[in-house]
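All ligand and atom numbering here is 1-based and tracks the order in the structure. Count residues from 1 along the sequence.
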Amino acid sequence: MMEFGNKTVVFDGPKVMGILNVTPDSFSDGGKYKDVNKAIDQAAEMVKKGATFVDIGGESTRPGATEVLVDEELNRVIPVIEAIHARFDTIISIDTSKPQVMLEATAVGARLINDVRALRLDGALDVATKLAKEKNIPSCIMHMQGSPLTMQNNPKYDSVVDEVLAFFRERIDTLVDAGFKYKQIMIDPGFGFGKNLEDNYQLLKHFLQFTEFDLPVLAGMSRKRMIGNLLNKDVENRLTGDISTHTIAALYGASVLRVHDVEAIVDVVKIIDKINSVS
Ligand SMILES: Cn1cnc2c(O)nc(N)nc21
């Protein structure tokens, strides 16, 4: 179970997080949802198809992406969050690393911080802790080696699973020491964030180990290169890979599946829920 402001989600099975990139350059849908009305329509579609969360991001974190200035990121996400919060009873997560964006996004309706940099930018931990304490807003902390600009140049691990586990032990302690309640933390191994193909599939194969913290674990592999490079499929034709990889992650204990194709993965969740309900 996890609280998101005054809402509670019981993770009696995996839940789906729909991706809503309001950026011109995101790797798979860049520019499609920059217009607020298009973003609203996409959010409506994802909520109707059964998404529990809508993840809104104003800065692409694809490999090679450069950072966006805070005002530009705010201009992209705030109108969309306001519009979606006014229209839908969904849990909005803000995909950002910037403290100011965290503050303003949660002021207009976001109830989960999704930070691919695990609250490591200056000021991010303080702001996220304040939001956890004062508004009961949790944070998802993701593992990344390097930065989006450089992370895929030459990822290196002795043992990727052990190193990501160690990262979480340290980072969870840091957040709790800062003032987070333990149960206000979600973790995410960060598929594709400073990982080569083998690293990504080792993380997926050993995904169950990330449930050792007894915290919700997010899996996000949707349309990523770990699927495209293995199956030799371009970004528009990776649905079979999306279904397969997120099914595996769900069976290995993932609580949140962060995807573009909500309908397909909600179908996966319905089948898994059925399996869990029969003797
Ligand atoms: C923003 N973003 C892109 N990929 C992601 C992933 O795998 N996890 C999380 N938490 N956020 C992501």
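- Here Asp188 does not pair with Arg258 in a salt bridge; the nearest charged N to carboxylate O distance is not below 4.0 Å.
- Inclusion of Asp95 in the set of residues having an N or O under 3.5 Å from an N or O of ligand 1 is not warranted.
- Of all protein heavy atoms, the one lying nearest to atom 9 (C) of ligand 1 is Asp188 OD2, 3.0 Å.
- Looking at Lys224 and Asp242, no side-chain N of the basic residue comes within less than 4.0 Å of a carboxylate O on the acidic one, giving no salt bridge.
- Taking only nitrogen or oxygen atoms, main chain and side chain alike, Gly220 reaches within less than 3.5 Å of ligand 1.
- Proximity of Lys224 to ligand 1 is established by a heavy-atom distance of less than 4.0 Å.
- The Val116 neighbourhood of ligand 1 comprises atoms 1 (C), 2 (N), 11 (N), 12 (C), with distances under 4.0 Å to a heavy atom of that residue.
- Of all protein heavy atoms, the one closest to atom 3 (C) of ligand 1 is Arg258 NH1, 3.3 Å.
- A salt bridge is absent between Arg169 and Glu163: the closest approach of a Lys/Arg side-chain nitrogen to an acidic carboxylate oxygen does not fall below 4.0 angstrom.
- Residue Leu218 approaches ligand 1 through these ligand atoms, each under 4.0 Å from one of its heavy atoms: 8 (N), 10 (N).
- Atoms of ligand 1 found under 4.0 Å from any heavy atom of Met142 (numbered from 1 in listed order, with element): 6 (C), 8 (N), 9 (C).
- A salt bridge is absent between Asp115 and Arg120: the closest approach of a Lys/Arg side-chain nitrogen to an acidic carboxylate oxygen does not fall below 4.0 angstrom.
- The shortest N/O to N/O separation between Asp55 and ligand 1 does not fall below 3.5 Å.
- Salt-bridge formation is not detected for the pair Glu3/Arg111: no Lys NZ or Arg NE/NH1/NH2 atom is positioned less than 4.0 Å from an Asp or Glu carboxylate oxygen.
- The ligand atoms of ligand 1 that sit less than 4.0 angstrom from a heavy atom of Asn114 are 9 (C), 10 (N), 11 (N).
- Val116 and Met144 make their closest contact through O-CE, 3.2 Å (heavy atoms, listed as atom of the first residue, atom of the second, distance).
- For the residue pair Gly18 and Met46, the shortest heavy atom distance occurs at CA-SD, 3.5 Å.
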